[in-house]
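Here, residue 1 is the first one in the sequence, and each next residue gets the next number. Nothing here was measured: the structure is a model prediction, and the numbers come from that model. Only this structure's heavy atoms are used, side chains among them; waters, hydrogens and symmetry mates stay out.
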Amino acid sequence: MTGFSTGRVAKVAIAAAVNDINNDPSILSGTKLVVQMQDTNYSGFIGIVQALKFMEKDTVAIIGPQSSVVAHVISHVANELQVPLMSFAATDPTLTSLQYPFFVRTIHSDQFQMASVADLVDYYGWRMVTAVYIDDDYGRNGISSLSDELAKRRLKILYKAAIRPGAKKSEMAAVLVKAAMMESRVFILHAHDDSGLAVLSLAYNLTMASGGYVWIATDWLGAVLDSSPRLDSGLLSTMQGVLTLRQHTENTNMKKTLASRWSTLVKEDKGGGRVLLNAYGFYAYDTVWMLAHALDAFFNSGGNISFSPDPRLHAVAGGALNFEALSVFDGGMLLLERIREVNFMGATGPVKLDSDGNLIHPAYDIINIVGSGLRTIGYWSNYSGLSIMSPETLYKKPPNGTIENQKLHTVIWPGETITRPRGWVFPNNGNELRIGVPDRVSYHQFVSFDNQTGLVDGFCIDVFAAAMNLLPYPVTYRFIPFGNGRENPSYTQLINQIVTNEFDAVVGDVAIVTNRTKVVDFTQPYVGSGLVILTSVKKQSSNGWAFLQPFTIRMWSVTGVFFLIVGAVIWLLEHRINDDFRGPPVNQVITVFWFSFSTLFFAHREDTRSTLGRFVIIIWLFVVLIIQSSYTASLTSILTVQQLTSPIRGIDSLIASNEPIGFQVGSFAESYLVHELGVSPSRLRKLGSPDEYKAALDLGPRKGGVVAIVDERPYVELFLTQHDKFAVVGPEFTKSGWGFAFPRDSPLAVDLSTAILTLSENGDLQRIHDKWLSTGPSSTTADLQQDPDRLQVQSFSALFLICGAACVAALAIHACVLVRQYSRHVAAEQAALSGGGAAGDGAAISRSGRRSGLRSFLSFADRREPQLQRGSKDPAALGASGSSSGVSSFTSSNASMSSR
């Protein structure tokens, strides 16, 4: 950044800092700081001469220069003589490289400023910009940094309008006229104050600052406007709506003190007219304080001011140049280290260098020039990006640079509008758009070219024309057919015509696939597409075993097993209380089978008496009702609806069949089958029209035809409207769509995508589809499924689960009740035995032991329950009936004893 106003501000600020330091006893311990100033007048040669004059006087540090160009030159002198060069205005990013170790930048690098500009461009959705800059080290390196930052965000500089340093207005005007003929309407102006103001004035006169244009000036403009005591209305009129940046400075106490004294300091300077304090003045003030703190640390660490001759300069000694007077600062390296360690609160905020030699917390104010003043619309910092909150507030929070948090206030753009400019137009130096269209020989409903009239129409053409009509600006274009007219062209070659700049766009039935998206940009898809398999099908007639088709084998098996399980559960629950479930073992097994399968027809004659049995049978009958109804519906469908069959079931069976496969000429299906699915090229057959499709499928693989055709769904659906002997088998095995192709980063692709979405939302897209691709009543577009109308186990899994849970729960409850009854029964027997006398104890225990355990429990469980209840109430009756031999023996033994 260079300019008279900045130089004047810096001069006053440096003088004020020197005076404040020399009057502060807490720093430098009484050592007086002396600063000598020289004006290089932006000349690198004069800068070298003056730097050499400084070096003759044993200088320990150089503050300045303002110009990045001069800083590049003087840095070589500073490196040679090991004198720190501290610049508060040289923002060239390349000055911080390893080439200049003694260069210390005390202001933020243009690397951060260009990052803020790139974020602005990205925030407003522009994809390309035109860079207008002064063609010197400051301008070139700044724009180079901008290009890098834009590339990180997938943006780019479309055109670089370089202006020669010292160029006349006529030269500048010629550069601007050439830039105006380009596509971009977003201009980034990176210049010095004199040349930058001239560019804005010329742009205004060339109507390049009117509505639709965007001008973003770097911080040179903010510094000029801040330092101007009174803004000229004529000057401001040339920059209405312009955005500019300002080096952000915190509102510190030192800043407030310096600002309050500024008017007095300017009057004391006597170097010119009145000038206001700007950001560069604050950084110049802090630079002197930074040097003072470093010198203080230098002396405190034992550093001495001493110089020694440079042996390399003696080799060029002699002549009028007094190189012998130049000497190397012995403590230069130590002072440089102390400078890099400085940390204090200055007028601009915390003054500290990071590990890369940059000031911490780089931030900028974003300013909108409106009316007669400046309006801050937000801030940028490398901590959280764009924000309407000050950087100091954000530093107290966790960093958050997400898109949702990037916010700015409303901008008044050129033309006094708050509507965001589109940022681009069709270039004035270009002709009408050259739109390539495929010259198809089949499926003319999509794209058709008439050789006699030169007219192009079809579904794709109508969609494109309707979308273009929705654009808010006029676009002229002409269609150019691509192909030989004898067969469908290669769509890959058609897309490559954009890459070679033969076409400006491609419109037609172009599928959006990965390889194509690497070289061109596509619009939003206007029709869904994907590869499907078309094959011939045969009518399947019903046979004698058709009644088995409604269920799969697994479904039949699971249903049969559940019939037996439910029958067995009901038998267990009813056996002890229901005579229908008692009798010889063979009869009981027959009863279980009969009862189970009779429930299928709700014809079971056995009554269920237990509560648990009724609970289970109700749930099972509900399951049977659902299964029976589903079976009936499926069988009806199989017997009455026409069934189609094909040996090809999907892409896997097609690949494994090793039979010839057809594809449409020019389609990407060929490349996909060969490279993605590994199909041998020898199996593929080119087909160019629907008639060839039909002939190849009718012949079949045995007679020179194909077993199936792989093509995109829109073509297949159109084919099926006229042929009913064919069908799609299996699902789509790719998902894509058709779109219009444009060169990479073309803004027209973005606008057309929005237009296509509008067509879809308002129904126009469907109306165009119905006009060209409406299906007739004879269309057979239903896909052929692998197992039509067959019921799977998964469809009834919940019912089987509920029934199984009911059976388990009923058995568990029944088992608990049975065990409880058995325990009471055993206790009753033991009580009866113990009451019969000691004489019969041995025989009773012996017989009871033989009947104990599992066998006794099973015998108990096999008894009829009413009989068990009677025995429990009358032990004597149990003995009389012979149901308990233990009691009977006890009675006989007692009688014997009585007789004796």
(message) With a 6.0 Å cut-off on the ring centroids, do Tyr491 and Trp738 count as close?
(response) no
(message) Nearest 0.5 Å, please: how far is CD1 in Ile619 from SG in Cys807?
(response) 8.0 Å
(message) Salt bridge or not between Arg685 and Glu659? Use side-chain N to carboxylate O under 4.0 Å.
(response) no
(message) If only side-chain N and O atoms count, and only distance matters, is there a donor-acceptor pair under 3.5 Å linking Tyr443 with Asp509?
(response) no
(request) Could you tell me the separation between the CG atom of Leu612 and the CD1 atom of Ile813, rounded to the nearest 0.5 Å? (result) 5.5 Å
(request) Describe, in one word, how the ring planes of His769 and Phe459 are oriented to each other, choosing from parallel (under 30°), tilted (30 to 60°) and perpendicular (over 60°). (result) perpendicular
(message) Measuring from atom CE of Met555 to atom CD1 of Ile627, what distance do you get when rounded to the nearest 0.5 angstrom?
(response) 4.5 Å
(message) In terms of relative ring orientation, are Tyr631 and Phe551 parallel, tilted or perpendicular, with 30° and 60° separating the classes?
(response) perpendicular
(request) List in chain and number order the residues that pass ring-ring contact (aromatic ring centres under 6.0 Å, His included) with Phe668, two or more places apart in sequence or in another chain; answer none if no residue qualifies. (result) none
(message) Has Ser760 got a side-chain atom pairing as donor or acceptor with Leu757's backbone, closer than 3.5 angstrom?
(response) no
(message) Under a 4.0 Å threshold between the charged nitrogen and the carboxylate oxygen, would Arg767 count as salt-bridged to Asp764?
(response) yes
(request) Measure from the side-chain N and O atoms of Thr535 to the backbone N and O of Ala708, and report whether any donor-acceptor pair falls under 3.5 Å. (result) no
(message) Can you tell me which residue among Phe663, Tyr693, Phe726, Tyr715 is in a side-chain contact (heavy atoms from CB on, under 4.5 Å) with Ile709?
(response) Tyr693
(message) Rounded at 0.5 Å granularity, tell me how far OH in Tyr672 sits from OG1 in Thr734.
(response) 6.0 Å
